[in-house]
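Below you'll find the structure, written out as structure tokens, and then a few comments.
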Protein chains: 2
Amino acid sequence: MPAQVKMIVGAMCVILLGLLHTEKSRMSEPLNDPEIALMTEIASQYYVEGETQEAIAKRLNISRIKVGRLIKKAHAVGIVDVRVRHHPSVSSDLEASLVKRFGIARALIAPDFSDAQSQRHAVAGLVADYLTRRLTDSKIVAVGMGRNVGAVAENVFTQHTCDVSFVSAIGGSLRAGEYMNPDHICRRLAAKFGGESETLYAPALVQDQAVREALQENPTVKQTLDRARRADLALVGVGDMSEDSNMVRMGWFSPQEIAEARLAGTVGDVMGYDFIDIHGRETQAAMRGRVIGLDVHDLRRIPDVVAIASENTKASGILGALRTGVVDTLATSTTNAMTVLSLANATEG
Amino acid sequence: MPAQVKMIVGAMCVILLGLLHTEKSRMSEPLNDPEIALMTEIASQYYVEGETQEAIAKRLNISRIKVGRLIKKAHAVGIVDVRVRHHPSVSSDLEASLVKRFGIARALIAPDFSDAQSQRHAVAGLVADYLTRRLTDSKIVAVGMGRNVGAVAENVFTQHTCDVSFVSAIGGSLRAGEYMNPDHICRRLAAKFGGESETLYAPALVQDQAVREALQENPTVKQTLDRARRADLALVGVGDMSEDSNMVRMGWFSPQEIAEARLAGTVGDVMGYDFIDIHGRETQAAMRGRVIGLDVHDLRRIPDVVAIASENTKASGILGALRTGVVDTLATSTTNAMTVLSLANATEG
DNA sequence: GTTAATGATGATCATATGAACAAGTAATGT
DNA sequence: ACATTACTTGTTCATATGATCATCATTAAC
């Protein structure tokens, strides 16, 4: 191993330690059984029976304020789940159009929201439900990065635990933080579904191709990547080329570079880095050969690639992603779905 | 057909019309798409984002009170679900004891509640979850009557619809009302799970054995009963012999008769009518041969009979039911489970 | 033992929310 | 056309609830 690469790998270790360090912040608390029972009883009376906190407090001989606090805690530990789902009988024809037009396996379409955050949760909720009924023991799920993928874990509501492996499909980035880094998403998913998670111990982006090759030969990295390649299902985000895109927030691109890429015909990215134009063709990009993670070629061999895109800036990116042929399941909003369909007609050929 | 039986069957028709009549009260409202979208958006912002109703109202330019009403309506139509579930790591050893002691397939144990209503919901919630992960397309579920079975439908939270047939396993009773009659329970279950429901067009209890035989030969009745006999899973309640038991409320027994039956060693009933003593043996009862529905013999051939009993007056009834050998899955409370285990030791032999 | 620190508890108050009522509006029957 | 009914919308007010702060207990550190 050349000395230069050695040094760089040394630097990587510091980054990895940084990543590992953030883990401990979300430890599971001890929580004794009687308190759980109390919270369950209170929550049940409050939410299911519709009792007032005061009445519950009186019955159980505790202060009203304590009842309120226990209800709050019940939320925090997951005893109480409030879920907003979408009335059936919505947007099923739109889903059928997308399936037919792009030859994908299925589409999950959430209703429109005026608020971006709500929109993300709505789309993520659909994906979470899809996972709930799709996952069974010993399946492997490859997990990408980004806000949209991260939101999926927050919207999982199932009691049925099964033994699924969630494997990071791309390395980490300090800028992404707990919410968007694939290893943290994996951990949250595993906590909800009951399986195990596997971190890809590598940075998402490295300096040059030499470092990438060195890392890919590393047994730890190689093993996780190979595991991810054998996944039954992959969760990937679709990125856009706006000035506040994920790429810019990650520090991987300056706003100027994004603008240049956009002018050169790039409309979006898949999994956080595979750049594509509106016809689904890969475009040249400064990150080429420097990313540690699954590429389009790997994704194509995964039986069910779920592409998630909630923001309405992403219509052209979604179209490009669909045309690459890697997407099996598309999860997005009603507006995006309609825009993509009309865009597709406009840019035919 | 003898003239006497004919007359009685004529009377039945009036009863059936009465049963049918109650159906229309719970019609599904029309609900236009934009309102659904609005409710979904509002509910999402309120519950998922934690926004205040006032803030949402301001953003969407509608009155605060309207936001409140739409949230309420979102609850009513099922866009918002609040579920209280039980923290994992509770009562699993108790379940194992029951399985081992009585040779049943599994037990579902809910934590204790001081309030009977909450207790029922907790137990029903476990059964609902069990159904959610057990039911698949083209399965048949035989459905009994009673509050405990009825509460199951209220606690189903799933988006995944599948094609299940819910078949009434016993006739109806006017006194039972919408909540407890098997056909209504079937309909509610089918609405939640997405399958179809089938009513047993007969009263639960008839005057004498002759009428019963006449009805059982009726093709409509026979077909439904045969369908129920082929069920993959059955939901049955376990009744107790207290003075305000289901039997009394149904008007099938006077409190005196119940007291006599109790003195004679009857500890409970299965499915609303098969009377048993604490050793699981059938006891003589005034209803013998007059009930239209599956009997213990039929239940024994159903692969998964789920017995549901939440009230803590039912411990001895549960023990009797377990000892009949028809139960495959027992759903009850922690206290009941413990009582049943100690009772079993006390009445061994 | 003393002291700081952390966490739990309860009182007070501002705010969020739902219920009851009133006014307006559309649909329906006469 | 008019009255009637059913239904929706907004106002007012009582109540339910969460935030803030002070107090108290418990633990940890010295």
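Atoms considered below: every heavy atom in the structure, side chains included; atoms not considered: hydrogens, waters and symmetry mates.
The salt bridge (Lys or Arg N to Asp or Glu O under 4.0 Å) contacts involving residues 62-72 of chain B comprise nothing, where partners must be two or more places apart or lie in separate chains.
Every residue meeting the salt bridge (charged side-chain N to carboxylate O under 4.0 Å, His left out) condition with B/Glu198, not counting sequence neighbours, appears here in chain and number order: B/Arg227. With sequence neighbours left out, the side-chain contact (heavy atoms from CB on, under 4.5 Å) criterion links B/Asp81 to A/Arg83, A/Arg85, B/Phe157.
At its two ends the helix from C/dG1-D/dC30 to C/dT30-D/dA1 runs along axes set 30° apart, each axis drawn from five pairs and the angle rounded to 10°.
Rounding to the nearest 0.5 Å places CG of A/Leu235 at 6.5 Å from CG of A/Leu189.
Residues B/Arg188 and B/Tyr179 have side chains in contact (heavy-atom distance under 4.5 Å, counting atoms from C-beta outward). Taking the side chain as every heavy atom from C-beta outward, B/Asp183 and B/Arg187 approach each other to under 4.5 Å.
Note on B/Lys72: a side-chain N or O is less than 4.0 Å away from OP1 or OP2 of C/dA19.
Ring centers of B/Tyr47 and A/His121: at least 6.0 Å apart, outside the cut-off.
For the residue pair B/Ala128 and B/Asn155, the shortest heavy atom distance occurs at CB-O, 3.2 Å.
Listed by residue number, B/Thr52, B/Gln53, B/Arg64, B/Ile65, B/Arg69 are the residues of residues 51-70 of chain B with a heavy-atom contact under 4.0 Å to DNA chain C.
Side-chain contact check for A/Asp240 and A/Ser245: no donor-acceptor pair (N or O, by modelled atom type) lies under 3.5 Å.
Running 5' to 3' along DNA chain D, contacts with non-hydrogen atoms of chain B at under 4.0 Å begin and end at D/dT9 to D/dT11.
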